[in-house]
Every structure is written in C-alpha cells, then in structure tokens.
2 protein chains.
Amino acid sequence: MNRAGAIKPESDQILDRPMGDNDGIDFEIIELLFFAYRDFISDPDAILDTSGFGRAHHRVVHFVNREPGLTVAALLDTLKITKQSLARVLKQLIDSGYIAQVAGPEDRRQRRLFPTDRGRELALALARPQSRRIANALEGMDENGRTAVTTFLSGMINPGAHRPEEDHSEINEGRDQ
Amino acid sequence: MNRAGAIKPESDQILDRPMGDNDGIDFEIIELLFFAYRDFISDPDAILDTSGFGRAHHRVVHFVNREPGLTVAALLDTLKITKQSLARVLKQLIDSGYIAQVAGPEDRRQRRLFPTDRGRELALALARPQSRRIANALEGMDENGRTAVTTFLSGMINPGAHRPEEDHSEINEGRDQ
DNA sequence: CAAATATGTCAGCTATGTTGACATAATTTG
DNA sequence: CAAATTATGTCAACATAGCTGACATATTTG
C-alpha cells in the first residue's frame, strides 16, 4: 500500500449512484431512526460523563426505578445482556449507593433491586432531558399524530419481547448462560 | 461483604414505588424508543455476525452507499466518531472489497469513498429486514399517521446535525482532532 | 438428600470508542 | 516560491461494555 492508502480504484466494479429510490426500501426512516436515537441518547450521556457512569449504568438505574424490587434475572431479560456484563455496572451502582439489594421475601435466593433516593434522583435527572426532547418533537401534534407515534414505536418491537409490566409468568429461556 | 453480596439494605433510604405517573416525564416513549431501537438494530446484527463485521461496519457501508463519493471528513461528521476509530473498520471494508477509495477529482488529498457491487449488496441486505420491520410497524396507518411518525423522528434530531444531503458548505468545527 | 435454581465471581477475549502524537501529500496563502 | 493549512493515515495506549467458559454458594424443590 502507498503511504496514504490506495489512490486508484483497483479496477473493481465501483458504483457511483446513491442507494435508494430504486428499491422499495425505506431509507428515510432507517436514517431518521439512527439520527434520532443518536441524539436522544446524547442528552443523558452528557450528564453521565459528570458522574463517571456510562450508558450501561443508565439503563440499569432506569429500569430499577421503573420497577423497584425486580430481580436480577428480570433485569437481565429486559436488557438482553449476560449476568457477567451486568455484574460490573450493578456492583458500581450498589457500592456508590444508587441501588440497594434485598433478599426476596418468598425466595431468599433472589436479590431484589431497589433504588435509593440518590438512585431515584439520578434516574429522574437522566430522563428529564429525554422527555423534554420528546415533548418538543411532539409539539403541535394532535392526538391522532401522537397515537400514530406510539403505535409505530410499539410496532417496531419484537412481539415476544420482555418489557416491564408485561408477561411475568413464563419460565426462563436462555441468555442466562 | 458476604459471599453473595449484601443481603440486607444498608439502612439506606429505599424506594419501592415505581417512577413515573407522578412527574411530568414521558417514560412510555422513552422506553418505547429503547426497545424499538434495540430490536431494530438486532436484524442487521444477525446478518453481520455471519460476515464477521459489526455495527460500526454497518454504519459505514450504509452511508457510503447512500452518498457514494463522500469524503472521509464528511463520513466522520455524520458518524460523530474520531478518524482513528473509523480507520479500523474502514480498512477492513476496503481490504475485503466492500468499499473503494478514489482520489478526489478537484482536491486530490481527499479519499472519496464508493461502494463496490459487493458493498452495495451488503448494504441492501442489511437494510431489507429493517425496512420490512418499518413497513410492518406502519401497516394500516393512514397518510397523516405516517407523516406524524416522520415529523416526530425528525423533531428528535439535533437542529445543527449533519445529515446526508444537507449543508455541505460550512467550515469544519471540531471532532477531527 | 439430590437436583435444580438464582446469583456471584474469576479470567480472558472482542468490538468499538477515546486521546495524543506524528507523518505525508496536496492545497492555499502571504 | 516558501510557509502554513488541510485531508488523511498511522502508531500506541487506554476505557467501556459487551461476550464465553468455568466454578462457587445459598436456597428451594422433587
């Protein structure tokens, strides 16, 4: 390779027409989702930089605050990560007093997770700018429009997905290793 | 600490009421966005696992296909990552024949990026399931509803953001290091 | 009691981002 | 033209957040 990379095309088939418009693919919404999510997540990122936490902590703090007393297994299922991956961030959050563990009242093997005051405050601080951004994007939209937005977003989610306040009944399947 | 972590609450202030409903924060859409994006990105992830590529490659292949001939600087600006971070994945994509570089016709310092046939095919293969998911989520929605969705997503994006086919004129500001 | 379950933990690996420093070629400017 | 700036590449070191595999401990269940 030359010093600054290949200069000439390697006589490969090079395409210079933009992708899109031709095929029946919705590139517009694909990209809107990419940019929307990127900016949506950047709000809390800025706050997290201050606290020394990252996105992983954000998610944990969020869901523990949304469903206090949820088990580690339920949290893993929501986040779709492994317990080893969760362990690091959870330990940090517990050690710094944002989340507390309590042995399950029925099943004492469980560690039920609760937010502390601090944890609640952090979760709210992180949610606030995101909610503001959402309110701004919904501004001037009528009820039909808002319904369309939530219908669309719900329709993007996998049917069997485990979301809070849903199917708590089924037996565990996978991802726990 | 005990072998399996703290068992009893450290007499900290523990909260057992779910967050939400109380404050004026839109937790519903916050979570819908999280789950929607998580599942939206999982479709191409499965394909990428096969090719040995990751999400970073996906983004590069996507934008190069959407705007063939874009410069490295423009790509960095779109992705909002550093050139060192881009370098790794871009090199892999070039070495394996998905993307080709051509010296800029006007400014020969530039390396304009083009997809090869292979690169075009990969980008289409990755976009197809995402587009299918979107079509599914929009199904049965009238024109007003669809407009509401794109209006909402556009409204979530930072105003000054650099998106393809937009402001090519301004001078560089930051992120290049 | 034995097996299964919920959780924790150690060790090592990968992907993708970061900063800092420096190099080269080409363009622009004084 | 020489100097400065620009576009890009590259080396090195590091951080975060995932992953797999293996094993330990406490508790519940059959």
Side-chain angles (χ1 to χ4, degrees), chain A residues 1-7 38 41-42 45 48-49 51-60 69-77 79-95 99 101-113 171-177, chain B residues 1-8 38 41-42 45 48-49 51-60 69-77 79-95 101-113 171-177:
Chain A
M1 182 192 297
N2 309 19
R3 282 137 285 91
I7 305 298
R38 185 193 63 183
I41 214 63
S42 77
D45 273 0
L48 290 160
D49 272 355
S51 349
F53 290 142
R55 290 180 192 181
H57 304 84
H58 180 187
R59 293 178 203 131
V60 171
L70 93 171
T71 64
V72 170
L75 183 54
L76 289 175
D77 203 36
L79 298 176
K80 301 230 191 292
I81 59 174
T82 58
K83 64 178 175 181
Q84 296 92 331
S85 196
L86 174 63
R88 270 185 305 229
V89 300
L90 185 54
K91 186 169 177 10
Q92 292 175 309
L93 288 169
I94 290 168
D95 288 352
I99 288 180
Q101 286 179 315
V102 181
E106 319 266 286
D107 187 337
R108 294 182 36 228
R109 290 172 302 183
Q110 296 177 340
R111 299 289 173 269
R112 307 199 86 115
L113 306 173
I171 54 174
N172 195 345
E173 16 77 335
R175 177 73 58 173
D176 289 15
Q177 190 200 142
Chain B
M1 185 190 299
N2 309 19
R3 282 138 283 93
I7 304 297
K8 285 273 185 175
R38 184 194 63 183
I41 214 64
S42 77
D45 273 0
L48 291 160
D49 272 355
S51 349
F53 290 143
R55 290 180 191 182
H57 304 84
H58 180 185
R59 293 179 203 129
V60 172
L70 93 172
T71 63
V72 169
L75 183 54
L76 289 176
D77 202 36
L79 298 176
K80 300 229 191 294
I81 59 174
T82 57
K83 65 179 173 181
Q84 296 92 330
S85 196
L86 173 63
R88 269 184 307 228
V89 299
L90 184 54
K91 186 170 178 7
Q92 292 175 310
L93 287 168
I94 290 169
D95 288 350
Q101 287 180 316
V102 181
E106 319 269 285
D107 186 336
R108 294 184 35 229
R109 290 172 302 180
Q110 296 176 337
R111 299 290 172 268
R112 309 199 84 115
L113 306 172
I171 55 174
N172 195 345
E173 16 77 336
R175 179 73 56 174
D176 289 13
Q177 187 200 146

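Shortest non-hydrogen contact noted between B/G69 and B/R112 is O-NE, 2.7 Å. Between A/R55 and A/D45, the shortest heavy-atom contact is NH2-OD2, 2.7 Å.
Taking only side-chain nitrogens and oxygens, B/Q101 comes nearer than 4.0 Å to OP1 or OP2 of D/dG9. The phosphate of D/dA22 has neither OP1 nor OP2 within less than 4.0 Å of any side-chain N or O from A/Q84. Note on A/H57: every side-chain N or O is 4.0 Å or more away from OP1 and OP2 of D/dT16. Under 4.0 angstrom from either OP1 or OP2 of C/dT16 there lies no side-chain N or O belonging to B/S85.
For the pair A/I81 CD1 and D/dT16 C1', the computed distance is 12 Å after rounding to whole Å. Distance, B/D49 CG to D/dT20 C1': 14 Å, rounded to whole Å. Straight-line distance from the CG atom of B/L93 to the C1' atom of C/dA15: 14 Å, rounded to whole Å. At whole-Å resolution of the value, CG in B/L76 and C1' in D/dT8 are 10 Å apart. With rounding to whole Å, B/K83 atom NZ is found 18 Å from C/dT16 atom C1'. Rounding to whole angstrom units, CD1 of residue A/I41 and C1' of C/dG17 are separated by 15 Å. Separating the CZ atom of B/R111 from the P atom of C/dA25 is a distance of 10 Å, rounded to the nearest angstrom. Rounding to whole angstrom units, CG of residue A/L113 and P of C/dA6 are separated by 15 Å.
Between the side chain of A/R108 and the main chain of A/E106, no donor-acceptor pair closer than 3.5 Å is present.
Note that the CG atom of B/L90 and the CZ atom of B/R111 stand 11.5 Å from one another [nearest 0.5 Å]. Distance check, rounded to the nearest 0.5 Å: CD of A/Q92 to OG of A/S51 gives 12.0 Å.
Here the side chains of A/Q101 and A/L113 are in contact, with some heavy-atom distance below 4.5 Å.
Using a 4.0 Å heavy-atom criterion, one finds that A/R59 contacts the sugar-phosphate atoms exclusively. The residue A/H58 sits apart from the nucleic acid: no heavy atom pair falls under 4.0 Å.
With sequence neighbours left out, the salt bridge (Lys or Arg N to Asp or Glu O under 4.0 Å) criterion links A/R88 to no other residue.
The residue among A/V89 and B/L90 whose nearest nucleotide of DNA chain D is located toward the 5' end is B/L90. Ranked by how close their nearest DNA chain D nucleotide is to the 5' end, B/V72 and A/G104 are led by B/V72.
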*asked:* Checking A/L76 against A/I81 for the side chain to side chain contact (heavy atoms under 4.5 Å, CB included) test, could you report, in this order, the C-alpha distance in whole Å, the side-chain angles of both residues, the deciding distance, and whether it holds?
replied: CA-CA 6 Å; A/L76 289 175; A/I81 59 174; 4.3 Å; yes

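Between the side chain of B/K91 and the base of D/dG9 there is no donor-acceptor pair of N/O atoms closer than 3.5 Å. Taking only distance into account, the side chain of A/R55 never meets the base of D/dG18 through a donor-acceptor pair shorter than 3.5 Å.
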Please tabulate the protein-to-nucleotide N/O contacts below 3.5 Å involving nucleotides 26-28 of chain C, giving atom names and distances.
unit_1: C/dA26; atom_1: OP1; unit_2: B/R108; atom_2: NH2; d: 3.3
unit_1: C/dT27; atom_1: OP1; unit_2: B/R108; atom_2: N; d: 3.2

